[in-house]
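Worksheet: the structure to be examined is printed underneath.
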Amino acid sequence: MASLQTLTKSLSGWVVFCCCCCLPLLLTSPLPPKGAGLASTAHHACRLRKINFQQPYIRNRTYTLAKMARVLDQDTDNRLIGQHLYLNVKENNRCYMMKKIVEIVVKDVLLTEAKDQYPYVEEVAQFLASLTSELSRCKFSGHREHIEKNLEEMKSKMKQLGENGKTKAIGELDLLFDYTENA
């Protein structure tokens with residue numbers, strides 16, 4: 001009977017403590033700003049898991065394909081993929097920028113006649129397409145004109161170079177891989 005009284009006193013002490021101390025703290029703590037959860041979700045929507053790039057098999061295929069195409073690339077003056085793509089593009093938009101470049105390279109280069117000319121093209125294209133799919137919710141923030149201008153310049157240069165533009169794009173897949181990983 002004594003232990004029941006001790007248990008009752010102890011339990012009632014905890015109830016009083018919780019009601020007097022914890023409940024007011026919970027009720028008076030500020031709520032997160034409206035939409036805060038959405039903002040953090042949107043921010044993380046433009047991130048790729050590091051594991052995507054730690055697959056030696058696909059990295060090897062991508063680098064091998066790039067090396068094969070570089071041998072055929074006669075144009076050493078132009079570069080399609082490089083730091084110039086980030087000109088006037090905010091750091092928080094670089095991932096979005098790389099997503100758009102990957103989409104262009106997959107659609108306009110890898111899924112054309114190139115898939116019959118080079119080995120591993122379909123595997124690399126499938127990998128890159130999976131990255132863009134993973135980044136499907138990735139949106140730009142702020143002003144878009146610099147991103148669009150840089151993308152248009154890249155596409156224009158590739159078109160101007162003709163077939164060698166596609167060869168150059170394939171030859172720079174290793175750069176695309178690295179820039180996308182780092183963005």
Side-chain angles (χ1 to χ4, degrees), residues 38-39 41-55 57-70 72-73 75 78-183:
L38 296 175
T41 304
H43 184 320
H44 293 296
C46 209
R47 293 234 183 258
L48 291 169
R49 293 172 292 157
K50 206 65 163 159
I51 194 159
N52 289 327
F53 297 96
Q54 293 174 346
Q55 301 172 34
Y57 173 80
I58 197 63
R59 183 181 292 269
N60 184 26
R61 293 286 199 229
T62 305
Y63 281 55
T64 301
L65 179 57
K67 187 186 268 188
M68 293 170 78
R70 267 196 304 275
L72 301 173
D73 183 11
D75 180 1
N78 291 295
R79 166 105 357 146
L80 296 175
I81 298 166
Q83 284 295 322
H84 65 280
L85 292 170
Y86 292 151
L87 188 65
N88 297 317
V89 175
K90 292 181 182 177
E91 191 170 337
N92 61 335
N93 284 327
R94 290 182 177 184
C95 190
Y96 174 79
M97 178 77 168
M98 293 314 299
K99 174 189 121 173
K100 299 303 281 181
I101 292 168
V102 168
E103 288 173 351
I104 291 167
V105 170
V106 168
K107 182 177 142 259
D108 297 345
V109 177
L110 296 178
L111 296 180
T112 63
E113 62 278 350
K115 66 182 175 190
D116 300 324
Q117 296 172 345
Y118 297 95
Y120 317 129
V121 168
E122 290 186 34
E123 291 170 274
V124 172
Q126 187 175 14
F127 169 74
L128 293 173
S130 74
L131 294 182
T132 60
S133 175
E134 191 174 328
L135 292 171
S136 64
R137 296 182 326 191
C138 180
K139 307 289 184 229
F140 67 93
S141 63
H143 301 288
R144 188 178 188 155
E145 62 268 359
H146 294 298
I147 295 171
E148 292 301 324
K149 179 181 175 271
N150 295 355
L151 288 171
E152 202 49 51
E153 285 176 4
M154 186 196 96
K155 288 193 304 192
S156 175
K157 188 182 289 186
M158 196 165 58
K159 187 176 183 181
Q160 178 186 0
L161 293 171
E163 274 308 304
N164 199 51
K166 290 181 180 179
T167 303
K168 179 166 282 308
I170 295 170
E172 293 181 3
L173 282 173
D174 55 341
L175 297 174
L176 179 64
F177 189 94
D178 292 342
Y179 274 93
T180 305
E181 178 180 22
N182 293 330

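- Taking SG of C138 as the reference point, atom CE of M97 lies at 12.0 Å (rounded to 0.5 Å).
- Annotation: salt bridge (charged side-chain N to carboxylate O under 4.0 Å, His left out) contacts of R94 (sequence neighbours excluded): none.
- When all heavy atoms of L111 and A125 are compared, the closest pair comes out as CD2-CB, 4.0 Å.
- E145 CD: more than 12 foreign heavy atoms inside a 6.0 Å radius.
- In this structure, CZ on R137 lies 10.0 Å from CG on L135, to the nearest 0.5 angstrom.
- Separating the OH atom in Y118 from the CG atom in L72 is a distance of 4.5 Å, to the nearest 0.5 Å.
- Applying the side-chain hydrogen bond (donor to acceptor under 3.5 Å, both in side chains) test to E153 and every residue at least two apart in sequence or in another chain returns K149.
- Heavy-atom contacts from other residues, nucleotides or ligands closer than 6.0 Å to CD of E123 number more than 12.
- Listed by chain and residue number, R144 satisfy the side-chain hydrogen bond (donor to acceptor under 3.5 Å, both in side chains) test with E148 (two or more places apart in sequence, or in another chain).
- Aromatic rings of Y120 and F127 (six-membered ring for Trp) have centroids beyond the 6.0 Å cut-off, not under it.
- Under the rule for a salt bridge (charged side-chain N to carboxylate O under 4.0 Å, His left out), K99 has no partner lying at least two apart in sequence or in another chain.
- Shown here for L110 and V124, the closest heavy-atom pair between the two residues is CD1-CG1, 4.3 Å.
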field: V106/T132 under side chain to side chain contact (heavy atoms under 4.5 Å, CB included): CA gap, chis, key distance, verdict
entry: CA-CA 10 Å; V106 168; T132 60; 5.9 Å; no
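- Atom-to-atom distance recorded for Q126:CD and S133:OG is 11.5 Å, nearest 0.5 angstrom.
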Identify each donor-acceptor pair in which a side-chain atom of residues 163-175 lies under 3.5 Å from a protein atom, sequence neighbours left out, and give them as a table.
{"unit_1": "N164", "atom_1": "ND2", "unit_2": "D73", "atom_2": "OD1", "d": "3.0"}
{"unit_1": "K166", "atom_1": "NZ", "unit_2": "E113", "atom_2": "OE2", "d": "3.1"}
{"unit_1": "T167", "atom_1": "OG1", "unit_2": "E163", "atom_2": "O", "d": "3.2"}
{"unit_1": "K168", "atom_1": "NZ", "unit_2": "D73", "atom_2": "OD2", "d": "2.6"}
{"unit_1": "K168", "atom_1": "NZ", "unit_2": "D75", "atom_2": "O", "d": "2.7"}
{"unit_1": "K168", "atom_1": "NZ", "unit_2": "N78", "atom_2": "O", "d": "3.1"}
{"unit_1": "E172", "atom_1": "OE1", "unit_2": "L80", "atom_2": "N", "d": "3.0"}
{"unit_1": "E172", "atom_1": "OE1", "unit_2": "I81", "atom_2": "N", "d": "2.7"}
{"unit_1": "E172", "atom_1": "OE2", "unit_2": "L80", "atom_2": "N", "d": "3.3"}
{"unit_1": "D174", "atom_1": "OD1", "unit_2": "R70", "atom_2": "NH1", "d": "3.2"}
{"unit_1": "D174", "atom_1": "OD2", "unit_2": "R70", "atom_2": "NH1", "d": "3.0"}

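- Put simply, OG1 on T62 and CG on D178 are 9.5 Å apart, with the number rounded to the nearest 0.5 Å.
- Side chain of T64 to backbone of R61: no donor-acceptor contact under 3.5 angstrom is found.
- No side-chain heavy atom of K90 sits under 4.5 Å from any side-chain heavy atom of Y96.
- From K100, atom NZ reaches atom CG of L85 across 14.0 Å, with rounding to the nearest 0.5 Å.
- Partners of I104 according to the side-chain contact (heavy atoms from CB on, under 4.5 Å) rule, which considers only residues two or more places apart in sequence or in another chain, are D108, L151, M154, K155, M158.
- Remark: side-chain polar atoms of T180 are paired, donor with acceptor, to backbone N or O of L176 under 3.5 angstrom.
- Shortest non-hydrogen contact noted between K157 and R79 is NZ-O, 3.4 Å.
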